[in-house]
Asker: 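Below you will find the structure I want to go over with you.
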Amino acid sequence: MIQLSGKPLITEAEIRARIGQMVIEIARDLQRQELLIIGILRGSFMFTADIVRVLYNNDMHPLIDFVFVTSYAGMESTGEMKLLREPSLNVEGRWVLIVDDILDTGRTMKYAQDFIKERGAEEVRSCVLLDKPGRRLVDVHADYVGFSIDDVFVVGYGLDYEGRYRDLPYLGVLEDHPAA
Ligand code: IMP
Ligand code: MG
């Protein structure tokens, strides 16, 4: 039986504090540029919104867009990437910050970086809340990483399991318990 662990892996307060630190880094590196943030739907919706709010408090006012990339069925990546929504803003000549929830095999981020570069962005940086370095199948790098975690299946704060748990304000672990 698949069950949400009783104890958060990362609490709401820990997420908030880490985003504050990440935005300081982003502002230090990128403040002079007009930034275009491209969030990868659906998993990054909460993280992107929180980053943008903290950027605002650091006097950064990026353009914001979303793309919809999908590859996942259940708890395993299928490896096949699909772009279900093009960016609506032109990325040509822009400094783009791609925001995603988690770097797992790396396929999604690699795919996003490639198509944004192909469309002529001047600079492409990447920001993820979570990184599972042990799961990487594609050579890809994120410039800003919130938390590195072990190979566990996490939900909450935008991340789902079959559409559920995205609304949790914290990150929890899904555990697979053998039926009693
Ligand atoms: P990648 O392409 O394998 O790096 O996977 C990235 C996508 O897989 C993320 O944007 C998530 O939507 C999903 N994913 C990977 N690991 C998890 C997890 O532990 N929980 C929920 N979704 C995950
Ligand atoms: Mg996702």
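Just follow the structure's listing: the first ligand is 1, and inside any ligand the first atom is 1. What you see is a predicted model, and the numbers here were worked out from it, not measured in a lab.
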Asker: Can you list the atoms of ligand 1 that are under 4.0 Å from a heavy atom of Asp100?
Answerer: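 Taking each heavy atom of Asp100 in turn, ligand 1 has 10 (O) under 4.0 Å.
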
Asker: Examine the proximity of ligand 1 to Arg135 and report which part, side chain or backbone, both or neither, has a heavy atom under 4.0 Å away.
Answerer: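 The answer is neither; Arg135 stays 4.0 Å or more away.
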
Asker: List ligand 1 atoms under 4.0 Å from Thr105, heavy atoms only on the residue side.
Answerer: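 Checking each atom against Thr105, I get 1 (P), 2 (O), 3 (O), 4 (O).
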
Asker: Evaluate whether atom CG of Asp150 has more than 12 neighbouring non-hydrogen atoms of other residues, nucleotides or ligands under 6.0 angstrom away.
Answerer: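 For Asp150, atom CG is not crowded (no more than 12 foreign heavy atoms under 6.0 Å).
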
Asker: Do any N/O atoms on Val154 end up under 3.5 angstrom from N/O atoms on ligand 1?
Answerer: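 Checking ligand 1 against Val154, an N or O pair does fall under 3.5 Å apart.
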
Asker: Can you give me the closest heavy-atom contact between Phe153 and Lys132, atom names plus distance?
Answerer: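 Closest heavy-atom pair between Phe153 and Lys132: CA-NZ, 4.3 Å.
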
Asker: With His61, which residues qualify under ring-ring contact (aromatic ring centres under 6.0 Å, His included), at least two apart?
Answerer: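 By the ring-ring contact (aromatic ring centres under 6.0 Å, His included) rule, His61 matches Tyr56.
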
Asker: Judged by non-hydrogen atoms, does Ile102 sit under 4.0 Å from ligand 1?
Answerer: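 Yes, Ile102 has a heavy atom closer than 4.0 Å to ligand 1.
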
Asker: With a cut-off of 4.0 Å, which atoms of ligand 1 are near a heavy atom of Asp160?
Answerer: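 Counting atoms of ligand 1 from 1, those under 4.0 Å from Asp160 are 21 (C).
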
Asker: Can a donor-acceptor pair be found between the side chains of Asp101 and Tyr157 at a distance below 3.5 Å?
Answerer: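 Distance-only check fails for Asp101 and Tyr157.
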
Asker: If you count the atoms of ligand 1 from 1 in the order shown, which ones are under 4.0 Å from a heavy atom of Val152?
Answerer: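 What qualifies from ligand 1 is 19 (O).
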
Asker: Suppose I only count heavy atoms of Gly106 and a 4.0 Å limit; which atoms of ligand 1 are within that range?
Answerer: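 The atoms of ligand 1 under 4.0 Å from a heavy atom of Gly106 are 1 (P), 3 (O), 4 (O).
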
Asker: Applying a 4.0 Å heavy-atom criterion (strictly less than), which segment of Leu137 is in contact with ligand 1: side chain, backbone, both, or neither?
Answerer: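 For Leu137, no heavy atom sits under 4.0 Å from ligand 1.
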
Asker: Counting C-beta onward and ignoring hydrogens, is there a side-chain heavy-atom pair between Arg164 and Val155 closer than 4.5 Å?
Answerer: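 Not touching, per the 4.5 Å side-chain cut-off.
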
Asker: Could you say whether the N/O atoms of Met81 and ligand 1 ever approach to under 3.5 Å?
Answerer: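 Met81 vs ligand 1: no N/O contact under 3.5 Å.
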
Asker: Mark up the atoms of ligand 1 that fall under 4.0 Å of a heavy atom belonging to Lys132, in ascending order.
Answerer: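 Contacts of ligand 1 toward Lys132, numbered from 1: 16 (N), 17 (C), 18 (C), 19 (O).
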
Asker: Is there a side-chain contact between Leu41 and Val67 in this structure, where contact means two heavy atoms from C-beta onward sitting under 4.5 Å apart?
Answerer: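 Leu41 does not reach Val67 side chain to side chain.
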
Asker: Hey, which atoms in ligand 1 end up nearer than 4.0 Å to a heavy atom of Asp104?
Answerer: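 That gives atoms 1 (P), 3 (O), 4 (O), 5 (O), 15 (C), 16 (N) of ligand 1.
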
Asker: Please work out, at 4.0 Å between heavy atoms, whether the side chain, the backbone, both, or neither of Asp101 comes within that distance of ligand 1.
Answerer: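 The answer is the side chain.
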
Asker: With the threshold set at 4.0 Å, does a side-chain nitrogen-carboxylate oxygen contact exist between Asp131 and Arg136?
Answerer: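 Arg136 and Asp131: salt-bridged.
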
Asker: Is the backbone N or O of Leu83 less than 3.5 Å from a side-chain atom of Tyr111, with the two atoms forming a donor-acceptor pair by type?
Answerer: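 Yes, because the side chain of Tyr111 sits within donor-acceptor range (under 3.5 Å) of the backbone of Leu83.
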
Asker: Does a salt bridge link Glu86 with Arg119, judged by any charged N lying under 4.0 Å from a carboxylate O?
Answerer: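 Looking at Arg119 together with Glu86, the answer is yes, because their closest N to O distance falls below 4.0 Å.
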
